[in-house]
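Here's the structure we're looking at; comments come further down.
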Number of protein chains: 2
Amino acid sequence: MPQNRDKTTKQRILESAMKLFAELGYKNASVRKIAKSVGIRESALYNHFKNKEDIFLHIASEIFTTPFNHDENMSTTIAKSNNPKAYLHKFATEFKLITFDKNKENLFRIMMIELFQNKNLRDGFLNEFHNKNIKILAPIFFTMMQEGHVRSSDPMVMAQEFLAPLFYLRLHVTLLRIDSQATTALSSQFEKHVDFFWEGIKVG
Amino acid sequence: MPQNRDKTTKQRILESAMKLFAELGYKNASVRKIAKSVGIRESALYNHFKNKEDIFLHIASEIFTTPFNHDENMSTTIAKSNNPKAYLHKFATEFKLITFDKNKENLFRIMMIELFQNKNLRDGFLNEFHNKNIKILAPIFFTMMQEGHVRSSDPMVMAQEFLAPLFYLRLHVTLLRIDSQATTALSSQFEKHVDFFWEGIKVG
DNA sequence: AGCATATATTAACAATTGTTCATATATAAT
DNA sequence: ATTATATATGAACAATTGTTAATATATGCT
């Protein structure tokens, strides 16, 4: 029977590989570099994974695990409440947390690097990230419009307009962090975005 | 003396290399692939460029050539006029043109692919793209505020909020075009962005 | 203890990489 | 036409790539 330490080695490989894929990209993160970073020889990797791509797929499968635990009842309740702006702040704050989470940051970097060379990641980005978020946000804006909290407009457009600056901010922060540059100024922009956006859509 | 055809070969190399860098990324676009695509042997490349990096640098230098021919007088005039929204439409339309331009699209793809692995490109993105656009937009919004056309707010924030959806849209379009997917729906979003944004900032 | 399994190592492989060198061919100037 | 220069080729190089095979070592079970 396999021993329990296996899980540890397999996980250590995934951790090292994730770090190297994020820093160097898939092609530049060679099997030998990954193995060395784990502390074993390259051939030993093949006891745990079929091949290099297999390692990558294990990591890539984490990329689009829903970032938000979206509670539909809760969000509808807030959207109908007399403080619907709070939901937008909650959304932006979760986005901010993910942006500054070391693990999610690595996954984001891998996604961005391989996005243009990997059809699966492109589909994942469009479906699991973009479409999913729009489908969460649009009905909420729709509810807010019905309740008269927010000016009437196309909910899909409003959702996209709300989402895009958050994504851009995440990209910006991630780039600065690669070079260990300060991100304090950008950190507060997540809240500023919500405030600015709310001023543009609120009624009364 | 060198013949005039040299310029042609050198340019053909740059064109082939640009296409391959955009499709495969720097590492995967090998010298042999580039040479084959030009129709010569790999060693012949070295008569025109010092090495592979030299080819890349020639192409990379084009990435941040100011996309907009920004005429400050004109933009201030429009911002002060009674139709300041027109300037935003002009800006977005130029952005849209660039997005759908085949050459600029390749350069954009190269930028995005190498952004996370090339400090020069990161600096270029932050300074030549982000900061430059903010520095163009912020004073214009400031003028609009002074003229009472636009609600009072932080011009830098407003500039960023206007820019981010355009960038996100460009990314979205570029990804779809890689897989030859339809972008007609997204095409009209550039104008929708301006309309939505304007509704959120206009006074009266 | 002995056996089976899991996991490591060492060595080798074929392929691909960027680059260089010697040499051939084409082009332009005298 | 001869010469000089520019540009091409073919072959070779050392390094690195992903992967496999043979083999050793460690671990867990009976």
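Please read all numbers here as calculations on a predicted model, not as lab measurements.
In this entry the distance linking CD of A:E42 with P of D:dT17 reads 10 Å, nearest Å. Rounded to whole Å, atom C1' of C:dT17 lies 14 Å from atom CG of B:N51. Rounded to an integer number of Å, the gap from CD1 of B:I34 to P of C:dT19 is 10 Å. Rounded to a whole Å, the CZ atom of A:F49 is 15 Å from the C1' atom of C:dA6. Straight-line distance from the NZ atom of B:K50 to the P atom of C:dT19: 9 Å, rounded to whole Å. The distance between atom NZ of A:K27 and atom P of C:dT17, rounded to the nearest whole Å, is 6 Å. Counting to the nearest Å, the C1' atom of C:dT16 and the NZ atom of B:K33 are 9 Å from each other. Spacing between atom CD of B:Q11 and atom P of D:dT7 amounts to 14 Å, rounded to whole angstrom units.
Under the 4.0 Å criterion applied to side-chain N and carboxylate O atoms, A:K102 and A:E105 are assigned as salt-bridge partners. Between B:E191 and B:K96 there is a salt bridge, since at least one side-chain N of the basic residue sits less than 4.0 Å from a carboxylate O of the acidic one.
The base of D:dG10 sits within donor-acceptor range of the side chain of B:S43, with an N or O pair under 3.5 Å. A donor N or O paired with an acceptor N or O is not found under 3.5 Å between the base of D:dA6 and the side-chain atoms of B:N47.
Checking B:N127 against B:D123 by side-chain atom types alone, no donor-acceptor pair falls below 3.5 Å.
The shortest distance between the side-chain N/O atoms of B:S30 and the OP1/OP2 oxygens of C:dT16 is not below 4.0 Å. Side-chain N/O atoms of B:R41 include one lying less than 4.0 angstrom from OP1 or OP2 on D:dG10.
Between A:L45 and A:R32, the one whose closest nucleotide on DNA chain C sits nearer the 5' end is A:L45.
Nearest to the side-chain atoms of B:H48 among the listed nucleotides C:dT17, D:dA8, C:dA12 stands D:dA8. The side chain of B:I40 has D:dT9 as its nearest neighbour among C:dA8, D:dT9, C:dT19.
Cation-pi geometry between B:R122 and B:F116 is not satisfied (NZ or CZ under 6.0 Å from the ring centre, within 45° of the ring normal).
At distances below 3.5 Å, not a single donor-acceptor pair connects side-chain atoms of A:S187 with backbone N or O atoms of A:T183. For the pair A:D101 (side chain) and A:L97 (backbone), a donor-acceptor distance under 3.5 Å is absent.
The aromatic ring centroids of B:Y168 and A:H130 lie less than 6.0 Å from each other.
DNA chain C lies under 4.0 Å from no heavy atom of any residue of residues 13-26 of chain B.
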